[in-house]
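One structure is given here, and the rest of the page talks about it.
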Amino acid sequence: MGLINLKPNEIIHKSGDKVETVEIVVKGKVIIELEDGSIPAEVGTILGCCEKPGEEFVYTYKAVEESAVFSYPFTSFDDLSKIVASNPKITPILAAQAVRTVVFSLDQLEKDYNKCLEEYEKIQQDAKEYPMMAVSVGAEVELFPEIDTITPPTKTQPLKDWQISFYKDLAANEDTLKKYAYGISANISIGFILNALQSVVIISDSRRMLSEYKKEYNKTTQKFKASLQLVRAKSNDMKRNGMEGEMHDVDIKDALNTILQYAGADEESTENFRNIVLEFKKTPNRYDTSDESRALRRKVGMDFYTIYTSAFLRSLSDPMVPSEIMMFLMFGFVDEELAGLENTRQLYVYMKTYQPDPNGHVLTVYEWLKKVYSLELEPSRNEFDEDYFTALRTMKTSGDINETQMELMKNDPTERLKFEVKNLLALGNRMSFGRPSTFVPVFDSENVVRPLDMAYIDYQKVNDFFDYIRSVDFSVFCRQGLYSNPEIGVTQVFLNEDVTPYMILMPNMGSRAAVWQEIEGKKRNTPARMIISIFNTETFEDVMIKICGEFRWEMCKTEQGVHWNDVTDPCLTSMYCDYLQFYKKNHTLSTDMKEKLKAQLQKNNNNFKNVFVSDYINYIKFEANSSPRLNKVARDIIFTYCPFSKDMREKMGDNPQYADLIKKHNAHTAGLMRPLSNIIRKLQNDGIAIPPEMKTQYEFFKK
């Protein structure tokens with residue numbers, strides 16, 4: 001009890017808390033939050049006077065700005081007279097504010113009634129239009145007899161007409177009354193205050209009755225509204241598709257409810273997500289570092305993926321998925337106000353004009369999950385680097401599931417989907433966002449730090465980059481393999497198979513890309529899985545070159561196994577680790593180079609992989625354009641294991657920094673090519689068709 005200082009947006013009492021105190025506002029401004037509005041409470045307002053002691057708070061009381069309140073025990077309504085009597089000096093202020101609270105409460109009650117009446121009339125009109133609308137979109141017309149049982153709200157008048165006029169006139173003449181009535185005697189003020197507070201309690205009881213009507217109304221109409229919401233969303237889609245498709249024609253409203261109704265997740269998850277998105281939307285400082293904002297951001301993600309999974313599963317059997325749902329599944333869009341009008345329109349256009357990659361290498365996360373669900377692809381590894389089947393065995397070992405459950409889950413599409421959502425989508429979404437501490441999975445205009453048209457990633461942009469990186473580092477996606485065909489006399493030929501990775505577009509606006517896994521399971525000729533935000537805020541080329549450098553490193557580690565850093569088995573990672581570990585003893589490096597390398601290691605926290613990636617970026621961006629950035633040792637290692645393409649080597653043949661490296665590479669390639677040429681010549685002489693694998697490998701050596 002006593003004086004309590006409040007920060008902006010700090011809650012004094014929350015709906016549902018136990019009523020034990022009342023407070024007088026002595027500084028700043030507070031609001032009393034109602035279901036569909038709020039009542040301002042300025043200095044002199046007695047907070048909680050309309051609540052019932054010992055029961056739960058009906059309303060939430062929150063500071064709007066830096067404020068202060070004085071708290072008093074509240075065990076019965078009689079306590080109010082004692083509280084008022086103990087503050088004789090400020091009774092005129094308390095009286096004026098009490099009268100003002102009565103008028104605000106009456107106005108809010110009138111608004112609430114009118115809104116209830118409007119909703120009642122609207123549901124009656126919707127019920128008449130629903131059958132024809134359902135037929136127009138090809139949906140089954142359902143029957144909702146409960147709509148006929150709804151009655152209009154009853155308009156209660158908690159105060160008599162003369163009382164209403166009395167309080168309105170008191171409020172209109174506040175300044176005069178403070179001077180000539182409230183200020184004459186504390187007892188006069190106390191009389192006005194207690195009468196006003198009693199009126200507030202009576203008005204509050206009427207609001208409770210109206211609130212009960214709304215709860216019953218919402219419960220009765222819930223099923224009809226759910227069906228109507230989806231039918232209307234599909235009808236709106238048909239109307240939009242009949243237009244010219246201009247951005248100003250897009251008018252998405254009430255997207256959150258459409259998404260939640262469509263998903264049909266469990267009631268608790270649905271309500272939690274609805275409430276937290278609404279709270280998140282109206283919180284202006286939702287991305288600051290306060291504990292409240294951190295907790296709010298965490299809550300947004302708690303039920304997001306439950307809703308996502310439910311919406312995804314329903315969409316699989318829906319031939320006409322509403323636009324709001326596809327925007328949710330592709331971009332994390334949940335609310336048109338949270339996303340902003342212009343962004344909502346652009347997201348709609350991108351969703352409508354989206355074209356799948358004809359080669360199947362670049363996929364939205366929605367397309368990816370469909371492949372996993374249909375058993376076309378295996379789920380990705382989890383955060384412990386376990387694939388789906390290893391994770392199931394771990395769960396069995398720990399006793400979470402038994403043998404029978406494990407066998408059933410192996411090929412259960414829904415279980416595989418849940419595993420992928422929990423791991424690739426949930427973890428990858430946060431990772432690609434780039435700022436884990438401020439991450440939220442919903443599309444928010446505050447995260448749009450770059451115009452959407454510049455940030456948008458489609459399959460053409462990714463495939464164009466793949467062509468570019470191959471034109472520089474031609475073997476970047478190559479895997480070593482073995483070909484054998486004893487029937488034609490080919491016992492063993494080593495192959496370099498080019499395997500284009502999957503690029504999965506995550507539903508957020510972020511700054512990072514990452515190699516999620518370099519191969520699938522233990523098969524080395526399977527595509528890597530990479531992730532990137534569908535709206536990327538950084539320079540696309542830089543992000544992609546970095547991810548290719550990371551892939552180079554991780555793929556080498558996978559191929560080498562436990563020998564990845566064993567210099568007696570030369571490879572990219574082992575040679576680079578040896579170079580970075582013993583650079584101080586390397587006589588090839590000058591003192592100046594060693595100092596630069598020392599600074600580079602410190603900058604990358606002595607992480608050898610990160611040092612290599614930074615060198616690889618310089619190698620692709622600058623060294624390939626005859627702009628030296630690397631020292632001789634780093635250049636030799638990278639060129640040996642990541643050689644430039646044939647066209648680039650020919651252009652750089654007279655470059656003194658690369659001339660010897662290119663000659664060495666050409667000689668090494670010729671040595672590898674000679675036995676293959678001999679085998680091909682022998683097969684041709686014997687009239688045997690050359691296997692495609694050998695032709696491909698021969699062309700690879702020519703590169």
Side-chain angles (χ1 to χ4, degrees), residues 1-75 79-80 83-84 86-87 90 93-94 96-98 100-101 104-105 108 197 200 204 207 211 271-303 335 337-338 437-440 442 444 446:
M1 311 306 168
L3 186 66
I4 301 173
N5 292 309
L6 303 166
K7 297 177 182 177
N9 297 311
E10 186 173 346
I11 291 174
I12 306 162
H13 296 299
K14 193 170 186 179
S15 175
D17 292 346
K18 188 177 180 181
V19 179
E20 295 177 330
T21 62
V22 291
E23 282 73 28
I24 295 179
V25 180
V26 296
K27 175 188 171 185
K29 186 177 180 181
V30 173
I31 57 170
I32 305 169
E33 291 187 345
L34 313 174
E35 290 180 15
D36 298 307
S38 64
I39 295 175
E42 298 177 349
V43 172
T45 303
I46 302 176
L47 305 176
C49 60
C50 60
E51 306 282 0
K52 295 183 178 179
E55 297 186 11
E56 293 182 347
F57 277 100
V58 177
Y59 311 117
T60 294
Y61 303 82
K62 185 170 73 172
V64 177
E65 55 192 44
E66 283 197 9
S67 306
V69 296
F70 209 94
S71 182
Y72 297 90
F74 186 37
T75 57
D79 289 337
L80 294 177
I83 293 168
V84 174
S86 66
N87 292 278
I90 62 169
I93 297 173
L94 297 178
Q97 194 58 43
R100 204 180 302 169
T101 302
F104 282 140
S105 299
Q108 190 62 45
L197 294 183
V200 170
S204 183
R207 291 201 73 262
S211 180
E271 285 308 306
N272 285 346
F273 190 67
R274 176 186 282 110
N275 294 336
I276 198 64
V277 168
L278 294 176
E279 183 181 351
F280 184 74
K281 181 172 66 172
K282 69 182 182 182
T283 304
N285 55 340
R286 51 185 176 265
Y287 288 103
D288 67 20
T289 57
S290 67
D291 292 340
E292 293 80 6
S293 296
R294 291 176 191 271
L296 182 63
R297 293 194 294 269
R298 281 196 299 272
K299 288 178 182 176
V300 174
M302 283 182 180
D303 294 295
D335 183 88
E337 293 179 1
L338 189 63
S437 63
T438 59
F439 170 73
V440 286
V442 298
D444 185 355
E446 290 204 17

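Side chains included, hydrogens not; waters and symmetry mates left out as well; all remaining heavy atoms used.
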Enumerate, atom names and distances included, each donor-acceptor pair closer than 3.5 Å involving a side-chain atom of residues 277-285, sequence neighbours excluded.
{"residue": "K281", "atom": "NZ", "partner": "D335", "partner atom": "OD1", "Å": "3.4"}
{"residue": "K281", "atom": "NZ", "partner": "E337", "partner atom": "OE1", "Å": "3.0"}
{"residue": "T283", "atom": "OG1", "partner": "E279", "partner atom": "O", "Å": "2.6"}
{"residue": "N285", "atom": "ND2", "partner": "D288", "partner atom": "OD2", "Å": "3.0"}

*Would you say S105's side chain and T101's backbone share a donor-acceptor pair under 3.5 angstrom?*
yes
Rounded to the nearest 0.5 Å, how far apart are [atom1] of [X] and [atom2] of [Y]?
X: Q108; Y: S204; atom1: CD; atom2: OG; value: 12.0 Å
X: N272; Y: M302; atom1: CG; atom2: CE; value: 9.0 Å
X: S67; Y: K7; atom1: OG; atom2: NZ; value: 13.5 Å

*Flag side-chain contact, heavy atom, 4.5 Å: L47 against V69*: yes
Anything under 3.5 Å between a donor and an acceptor, one on a side chain of residues 23-32, the other on a protein residue two or more places apart or in another chain? List them.
{"residue": "E23", "atom": "OE1", "partner": "H13", "partner atom": "NE2", "Å": "2.7"}
{"residue": "E23", "atom": "OE2", "partner": "H13", "partner atom": "NE2", "Å": "3.3"}
{"residue": "E23", "atom": "OE2", "partner": "T21", "partner atom": "OG1", "Å": "2.7"}
{"residue": "E23", "atom": "OE2", "partner": "S71", "partner atom": "OG", "Å": "2.8"}

*Residues in salt bridge (Lys or Arg N to Asp or Glu O under 4.0 Å) with E271, at least two apart?*
R274
_Residues which pass salt bridge (Lys or Arg N to Asp or Glu O under 4.0 Å) with E446, listed by chain and number, not counting sequence neighbours_ =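 For E446, the residues satisfying salt bridge (Lys or Arg N to Asp or Glu O under 4.0 Å) (neighbours in sequence not counted) are R286.
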*Just grab all the salt bridge (charged side-chain N to carboxylate O under 4.0 Å, His left out) pairs involving residues 52-74, residues at least two apart or on different chains.*
E33-K62
*For T438 and Y287, which heavy atoms make the closest approach, and how far apart are they?*
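Distance-wise, the nearest heavy atoms are O-CE2, 3.4 Å.
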*Considering all heavy atoms of both residues, which atom of L6 and which atom of A63 are nearest to each other, and what is their separation?*
CB-CB, 3.9 Å
*Start with the C-alpha distance between E292 and N9, add both sets of side-chain angles, then the distance that settles side-chain contact (heavy atoms from CB on, under 4.5 Å), and finish with yes or no.*
CA-CA 10 Å; E292 293 80 6; N9 297 311; over 6 Å; no
*All side-chain contact (heavy atoms from CB on, under 4.5 Å) counterparts of K14, not counting sequence neighbours*: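 Listed in chain order: I11, D17, T60.
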*Compute whether any side-chain donor of one residue and acceptor of the other, for S86 and Y72, lie under 3.5 angstrom apart.*
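No.
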_Using the ring-ring contact (aromatic ring centres under 6.0 Å, His included) criterion, which residues pair with F74? Sequence neighbours excluded._
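ring-ring contact (aromatic ring centres under 6.0 Å, His included) check on F74 returns nothing, list empty.
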*asked:* Please enumerate all residues that pass ring-ring contact (aromatic ring centres under 6.0 Å, His included) together with Y61, with sequence neighbours excluded.
replied: F57
*Can you name the residues that form a side chain to side chain donor-acceptor pair (under 3.5 Å) with D303, not counting sequence neighbours?*
S269
*Taking side chain to side chain donor-acceptor pair (under 3.5 Å) as the test, write out the residues that go with T45, two or more places apart.*
Q97
